[in-house]
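All of these numbers come straight from a predicted model, not from anything done at the bench.
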Protein chains: 2
Amino acid sequence: MSGGVEWGLHCCVVLSGSGEPVPAAKLAEFHDVSPSYLAKQLQLLSRAGLVRSTQGQSGGYGLTRPPAEITVLDVVEAIDGSRPAFRCTEVRRRGPLAAPPEKCLTPCSIARVMDAADRAWRESLRAVTIADLAGEVGRTSGPETLARARAWLQT
Amino acid sequence: MSGGVEWGLHCCVVLSGSGEPVPAAKLAEFHDVSPSYLAKQLQLLSRAGLVRSTQGQSGGYGLTRPPAEITVLDVVEAIDGSRPAFRCTEVRRRGPLAAPPEKCLTPCSIARVMDAADRAWRESLRAVTIADLAGEVGRTSGPETLARARAWLQT
DNA sequence: GTCAACTCGGACAGGACGGGTCCGTGGCAC
DNA sequence: GTGCCACGGACCCGTCCTGTCCGAGTTGAC
């Protein structure tokens, strides 16, 4: 999985509840990561409709939906793409004992197993929202942590 | 995910129930794939202890355990490695508002979510065995399909 | 016992994909 | 008008996957 997914999730968490837009450079400085590469990730989030960008002076990024309506899977698919990790190459249709096409109407058993595992993975990520993550941060690091982060981003 | 995983799984399925060892070149011809590259995948399976190799004339590969005791996860981890897809880089400990080390005893919430999804994926793959796959092949493509494949490999 | 053929095993290149960076363009506020 | 900021594309680089090769070891036959 791409390392940018982690950055995108952190950005969404600190952006949750932030009324004013936050510039990409500010987010990069806050997380101490490369500004140019984080900008690319934010572009992907914007293209997926998760964040809205306002241009011009005092512009920046902000969430388009309430954090409770953005799942972790949304962010992962926006940055890493939604293609499944496994792609069946139809090995059964090759070789000296190749299966005839009329027996290949359903996907082969290996592809079905991989697909089921992929769905389980996605369901697990779909069950958690950005709001859940933000609440967890408040519980483990203290409720004032997130508020201080948002205040720093507004300066 | 590596494409070699698919090849390794197909090899394990046709190897299930085959008493005599099968040479790698035979497996490659049967599946119509590159012999040298398939040999590499079989080496990985051998290193993981899933298949046993016998050298010399009339040598080849065979399963070390009954197919019901080899899970799909075993094959996937043998070829693709067992490292989780997500690796937490501890973003919370960087930047101007870095969290102090005494608050980072537990993994951050993002890492926990990713880890849970990874476990769900692995559990789904662990629930299916090579014997299950072989049975599914017999059910969808006819019971004689697997027997003919094994007979062809013995020639 | 010797030979020969066949097998696996690891070491070795080529290439594709994605991570990461940079700059020019267009739009918004002041 | 001027400065700031997001957007899009082109570009370079490292890494992993794909693919190939030759040597070591073993077996079976004679």
Any side-chain N or O of B/Thr54 under 4.0 Å from OP1/OP2 of D/dT27?
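B/Thr54 to D/dT27 OP1/OP2: no side-chain N or O under 4.0 Å.
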Mind checking whether [X] and [Y] have side chains closer than 4.5 Å, heavy atoms only?
X	Y	result
B/Arg93	B/Pro101	yes
A/Glu6	B/Thr89	yes
A/Met1	B/Pro84	no

So what does B/Gly60 hit on the nucleic acid, given a heavy-atom distance under 4.0 Å: a base, only sugar-phosphate, or nothing?
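Sugar-phosphate, backbone atoms only, no base.
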Please classify the nucleic acid contact of B/Ala24 as base, sugar-phosphate, or nothing, using heavy-atom distances under 4.0 Å.
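The residue B/Ala24 makes sugar-phosphate contact but no base contact.
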Indicate whether the side chain of B/Ser109 and that of A/Arg139 have a donor and an acceptor atom separated by less than 3.5 Å.
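Looking only at side-chain atoms, A/Arg139 and B/Ser109 do not form any donor-acceptor pair under 3.5 Å.
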I need the [atom1]-[atom2] distance between [X] and [N], as an integer number of Å.
X	N	atom1	atom2	value
A/Asp80	C/dG20	CG	P	12 Å
B/Glu29	C/dC6	CD	P	15 Å
B/Met1	D/dT18	CE	C1'	17 Å
B/Tyr61	C/dC6	OH	P	17 Å
B/Gln55	C/dG10	CD	P	10 Å

Criterion side chain to side chain contact (heavy atoms under 4.5 Å, CB included) against A/Ile70, the qualifying member of A/Leu63, A/Val51, A/Thr129, A/Leu15:
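Of the listed residues A/Leu63, A/Val51, A/Thr129, A/Leu15, the side chain to side chain contact (heavy atoms under 4.5 Å, CB included) partner of A/Ile70 is A/Leu63.
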By the definition side chain to side chain contact (heavy atoms under 4.5 Å, CB included), identify the one residue from A/Asp132, A/Ile130, A/Leu125 that meets it with A/Val128.
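Exactly one pass, corresponding to A/Asp132.
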Residue closer to the 5' end of DNA chain D, B/Gly56 versus B/Arg83 (nearest nucleotide)
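The residue whose closest nucleotide sits nearer the 5' end is B/Arg83.
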Polar pairs (N or O, both sides) under 3.5 Å between protein and nucleotides 28-30 of chain D?
none

Polar side-chain atom of B/Ser124 near backbone of B/Trp121 as donor-acceptor pair, under 3.5 Å
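No, B/Ser124 side chain to B/Trp121 backbone: no donor-acceptor pair under 3.5 Å.
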Considering only heavy atoms, which members of residues 30-52 of chain B lie under 4.0 Å from some atom of DNA chain D?
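The answer is B/Ser34, B/Ser36, B/Tyr37, B/Lys40.
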After noting the C-alpha distance and the side-chain angles of B/Ser141 and A/Arg92, does the key distance pass the side-chain hydrogen bond (donor to acceptor under 3.5 Å, both in side chains) rule?
CA-CA 10 Å; B/Ser141 300; A/Arg92 59 181 173 178; 5.5 Å; no
Geometric class of the A/Trp152/A/Phe30 ring pair [parallel <30°, tilted 30-60°, perpendicular >60°]
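Answer is tilted, since the angle falls between 30° and 60°.
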